Amino acid sequence: MKKIIRQITLNAAQTAFENKELNTSEFSSFTIEEPKVASHGDLATNFAMVNAKAQKMAPRKIAEIIIRYIDATDSIIEKTEIAGPGFINFFIRPAAWYPVLENICQQDTEYGFSDIGNGQTVQVEFVSANPTGPLHVGHGRGAIVGDSVASILTACGYDVKREYYINDAGKQIQTLGISVFLRCRELDGQTIDFPEDGYQGDYISDIAKNLCKEKGDWIFNVGEEDAVAFCSKFAADKMIIEIRNVLNTLGIKFDNWYSEQALVDSGKIKSVIEQFKQSNIIYEKDDALWFKTKKFGDEKDRVVVRNNGRTTYFASDIAYHQDKLDRGFDRIIDVWGADHHGYIPRIKASIKASGRDENQFVVILTQLVNLLRKGIPVSMGKRSGQFITLKEVMDEVGRDAVRFIFLTRHYDSPLDFDLEIAKQKTNDNPVYYVQYVHARISSIIKKAADEKGITDITFNDDAVAMLKESEEIQLIKHLARYPETIIASAESMEPHRIAFYLMALAADFHAYYNKHRVLTEDTTLAAGRLYLVKAVQTVIRNGLTLLGVSAPDVM
RNA sequence: GCGCCUGUAGCUCAGCUGGAUAGAGCAACGGACUUCUAAUCCGUAGGUCGGGGGUUCGAAUCCCUCCAGGCGUGCCA
């Protein structure tokens with residue numbers, strides 16, 4: 001609808017120019033939007049205001065000319081008016097909205113999809129938590145945002161792959177192995193001296209128990225180095241399985257699990273370092289190798305190979321991101337916790353240094369999650385072992401509520417997650433409010449079939465023409481806004497826009513439901529309303545699907 | 001010190017990328033179930049958009065500055 005109004009405005013302006021009523025045909029970009037107040041019409045444009053300067057005319061004067069050139073007879077426009085400083089308000093004929101319903105019905109699960117992505121390939125890398133411990137709610141936020149962004153981009157015609165980068169190489173894996181090995185020795189009755197930087201959680205002991213059962217004799221008979229290496233691998237594999245399981249319960253599946261160890265083994269890290277050395281972007285100082293990140297926008301240069309000869313995490317990351325781009329993705333999106341934000345400039349630097357476009361690389365930073373219970377913070381220390389895992393939160397709260405809560409906030413703002421509120425089935429917890437719409441409509445449709453024998457809800461001019469109530473027109477207008485909401489959500493990579501859209505649509509529906517009965521005695525009217533309500537249900541379901549939330553038929 | 005993020009109703013948050021009178025939910029108060037699910041609806045009340053400047057027809061939104069909070073600032077990952 002916005003597109004149509006835009007075109008009508010442009011046509012009018014063009015004709016006005018041809019008739020020498022406007023001074024130039026260079027029109028500045030203008031917006032078509034929905035006024036907040038109903039009395040300002042269905043749609044409004046600021047065309048006259050933004051063009052005042054170029055036209056060297058008063059805004060209201062321009063608006064007046066435009067309106068004169070808009071053919072209001074026999075079109076979708078009922079009337080136009082000039083308001084305020086020079087807005088042009090458009091009032092749309094109610095009947096002009098009806099085709100929206102037919103669209104929804106025809107496109108069904110694909111209503112709201114678009115092709116703005118034009119088949120561009122995108123990779124979304126998210127979670128990528130070290131396999132050294134269970135996921136916590138912070139990881140959950142990244143997981144849900146990343147997954148949802150991926151879904152939304154897919155719906156917009158991007159070719160999207162989800163990837164998890166497993167940090168299964170490096171020091172933290174060593175520490176994991178040592179921690180497990182020590183617990184094994186403890187189980188064996190030996191006295192141990194558990195290091196301060198070891199992993200303290202109970203899960204370490206659990207893994208140790210498992211390991212002892214399977215390989216108890218063996219690990220004490222091989223050398224300590226081999227034993228620790230084995231423990232590392234064993235524990236990391238176990239953790240990955242557990243992580244994968246939790247993510248599965250959240251409804252998240254990755255296309256690719258990328259191993260850092262595999263990256264190391266492939267020699268890519270070495271070859272990238274060598275390559276940058278040759279082009280003089282990596283240099284030697286204090287027996288270490290440094291990357292000239294400062295030259296490419298970072299605060300200072302960063303070490304890639306330590307003076308002990310071992311590569312840093314950054315070195316792996318350089319190679320990893322090079323590898324992603326080598327795989328041909330047009331855009332790579334990383335979802336990180338906000339505590340990693342200092343890392344962005346150096347990764348960008350490495351991409352720039354390789355002669356690529358740094359804009360191909362985008363980072364979504366999710367702010368921290370504060371876990372609360374009845375308003376009281378729950379401690380989240382990882383090393384102390386005193387933390388509530390994502391799995392525990394999922395078991396307590398459930399997938400739909402967890403996902404929806406995370407997605408009703410902009411990822412950019414810190415989030416208080418209160419376990420008690422999350423469990424409540426009230427409006428503090430709007431996921432049920434939205435799902436309830438779906439269930440209610442399912443119930444109506446079932447009733448229509450059971451009691452009235454209506455099983456075929458299809459478009460019918462006469463029936464749809466019965467939709468005259470202001471709440472009905474408002475609902476249809478709301479439905480018409482869905483596709484542009486998805487596009488805006490994709491462009492900004494902000495899933496929360498969909499969540500808010502759904503809550504607003506749900507509010508409109510519940511209000512309508514309370515005021516008007518769908519299954520009326522008038523069968524034509526009932527058919528029209530059923531058709532409308534079914535469209536609402538389709539949109540609710542499509543939106544929830546993009547957020548990874550279920551759309552139940554019964555609640 | 002420097003960098004990033006945040007500051008909007010008592011609380012939790014939106015605000016469509018600069019538009020008209022700043023919006024929801026919760027909490028408070030008053031109403032609505034013989035009728036398609038009351039996990040719902042209707043109404044009342046609640047604001048110096050952290051403070052101060054600037055940019056322009058127009059600012060919660062953009063710029064500057066100050067204040068407050070969070071995070072970061074390793075040859076850790």
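Within every chain, numbering begins at 1; the chains are lettered A, B, ... in the order of the sequence lines, protein sequences first and strands thereafter. Predicted, not measured: the structure shown is a model, and the values here were computed from it.
Put simply, CD on A/Gln424 is 12 Å from P on B/rU40, counting in whole angstrom units. One interatomic measurement links the two molecules: CG of A/Leu407 to C1' of B/rU12, which rounds to 16 Å at whole-angstrom precision. One interatomic measurement links the two molecules: CD of A/Gln367 to P of B/rC13, which rounds to 12 Å at whole-angstrom precision.
Heavy atoms of A/Leu415 sit under 4.0 angstrom from primed sugar atoms or phosphate atoms, though from no base atom. Among the protein residues, A/Ile421 comes within range of no part of the nucleic acid, since none of its heavy atoms lies under 4.0 Å from any strand. Counting non-hydrogen atoms under 4.0 angstrom, A/Asp412 reaches the backbone sugars and phosphates but no base. Residue contacts for A/His510: at a heavy-atom cut-off of 4.0 Å it reaches the sugar-phosphate backbone alone, with no base atom in range. Within the 4.0 angstrom heavy-atom criterion, base atoms lie near A/Asp553. Using a 4.0 Å heavy-atom distance criterion, A/Tyr513 is classed as a base contact. Contact annotation for A/His438: no contact, since no heavy-atom pair falls under 4.0 Å across all strands. Backbone-only engagement by A/Arg409 is indicated by non-hydrogen atom pairs under 4.0 Å involving sugar-phosphate atoms exclusively. Residue A/Ala58 is classed as having no contact, given no heavy-atom separation below 4.0 Å to the nucleic acid. Within the 4.0 angstrom heavy-atom criterion, no nucleotide atom of any strand lies near A/Ala504.
Closest to the side chain of A/Asn130, from the set B/rU17, B/rA77, B/rC42, is B/rA77. Closest contact between the side chain of A/His496 and the listed nucleotides B/rU73, B/rA39, B/rA14 involves B/rA14. Residue A/Met555 has its side chain nearest to B/rA39 when only B/rA39, B/rU56, B/rC4 are considered. Comparing B/rA77, B/rC41, B/rC57 against the side chain of A/Tyr433 picks out B/rC41 as the nearest. Closest contact between the side chain of A/Ala44 and the listed nucleotides B/rA20, B/rG19, B/rU56 involves B/rA20. Among B/rU40, B/rC76, B/rC16, the nucleotide with an atom closest to any side-chain atom of A/Lys171 is B/rC76. Taking every side-chain heavy atom of A/Ala83 into account, B/rA20 is the closest of B/rC71, B/rU73, B/rA20. Taking the side chain of A/Ala511 as heavy atoms from C-beta on, and the options B/rC42, B/rA77, B/rC16, the nearest nucleotide is B/rC42. Considering only side-chain atoms of A/Pro35, the nucleotide from B/rC41, B/rA39, B/rA20 that sits closest is B/rA20. Each of B/rC57, B/rC75, B/rC16 was ranked by its minimum atom distance to the side chain of A/Arg497; first place goes to B/rC16.
At a cut-off of 3.5 angstrom, counting only N and O atoms as typed in the model, there is no donor on one side facing an acceptor on the other between the side-chain of A/His340 and the base of B/rG72. With hydrogens and angles left out, the side chain of A/Asn89 and the base of B/rA20 share a donor-acceptor pair within 3.5 Å.
Taking a pair to require two hydrogen-bonding distances under 3.5 Å in either a Watson-Crick or a G-U wobble arrangement, B/rG7 pairs with B/rC67. Across all strands shown, the partner of B/rC2 is B/rG72, judged by Watson-Crick or G-U wobble contacts whose two distances both fall under 3.5 Å. With a cut-off of 3.5 Å on both Watson-Crick or G-U wobble distances, the partner of B/rG30 is given as B/rC42. When both distances must be under 3.5 Å, the Watson-Crick or G-U wobble mate of B/rC16 does not exist.
Classification of A/Glu472 and A/Lys515 as a salt-bridged pair fails, no side-chain N sitting under 4.0 Å from a carboxylate O. Salt bridge annotation for A/Asp334-A/Lys324: present, with a cationic side-chain nitrogen under 4.0 angstrom from a carboxylate oxygen. No salt bridge links A/Glu284 with A/Lys277; every basic N to acidic carboxylate O contact stays at or beyond 4.0 Å.
Checked against a 6.0 Å centroid threshold, the rings of A/Tyr164 and A/Tyr258 do not count as neighbours. Remark: aromatic rings of A/His496 and A/Tyr411 are distant, center separation not under 6.0 Å. Here the two rings, on A/Phe406 and A/Phe417, have centers that are under 6.0 Å apart.
Considering only side-chain N and O atoms, A/Lys300 lies under 4.0 angstrom from the phosphate OP1 or OP2 of B/rG74. At the phosphate of B/rG70, neither OP1 nor OP2 sits under 4.0 Å from any side-chain N or O atom of A/His341. A sub-4.0 Å separation between OP1 or OP2 of B/rA77 and a side-chain N or O of A/Arg306 is present.
Comparing B/rG54 with B/rU12, their C1' atoms are spaced 33 Å from each other, to the whole Å. Look at the P atom in both B/rA28 and B/rC11: the space between them is 15 Å, to the nearest Å. Between the P atoms of B/rC66 and B/rG74, the separation comes to 24 Å (whole Å). Taking the P atom of each, B/rC64 and B/rC4 are spaced 10 Å apart, rounded to whole Å. Using atom C1' as the reference point in both B/rG25 and B/rA39, the two lie 14 Å apart (nearest Å). Comparing the same atom, C1', in B/rG46 and in B/rC26 gives a spacing of 13 Å after rounding to whole Å. Straight-line distance between the P atoms of B/rA77 and B/rC62: roughly 37 Å, to the nearest whole Å. Nucleotides B/rC49 and B/rA22 place their P atoms 10 Å apart, quoted to the nearest Å.
Taking the O4'-C1'-N9-C4 or O4'-C1'-N1-C2 dihedral as appropriate, B/rC33 has a value within 90° of 0 and is therefore syn. Its glycosidic angle being more than 90° from 0, B/rU48 falls on the anti side.
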Set out, in order, the CA-CA distance, both residues' side-chain angles and the distance that settles side chain to side chain contact (heavy atoms under 4.5 Å, CB included) for A/Asn89 and A/Glu81, then state yes or no. CA-CA 5 Å; A/Asn89 294 338; A/Glu81 68 178 22; 3.2 Å; yes
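The two residues A/Ile486 and A/Cys156 make their nearest non-hydrogen contact at CG2-SG, 3.8 Å.
Where A/Tyr343 and A/Tyr411 meet RNA chain B, the nucleotide closest to each residue was compared, and A/Tyr411 sits on the side nearer the 5' end. In this structure, A/Ala507 and A/Thr45 both approach RNA chain B, and ranking their closest nucleotides by distance from the 5' end singles out A/Thr45.
Both tests do not hold together for A/Lys352 against A/Phe296: distance to the six-membered ring centre under 6.0 Å, angle to the ring axis within 45°.
For A/Phe500 and B/rA14, the ring-to-base geometry does not satisfy the stacking test (centroid distance below 5.5 Å, interplanar angle below 30°).
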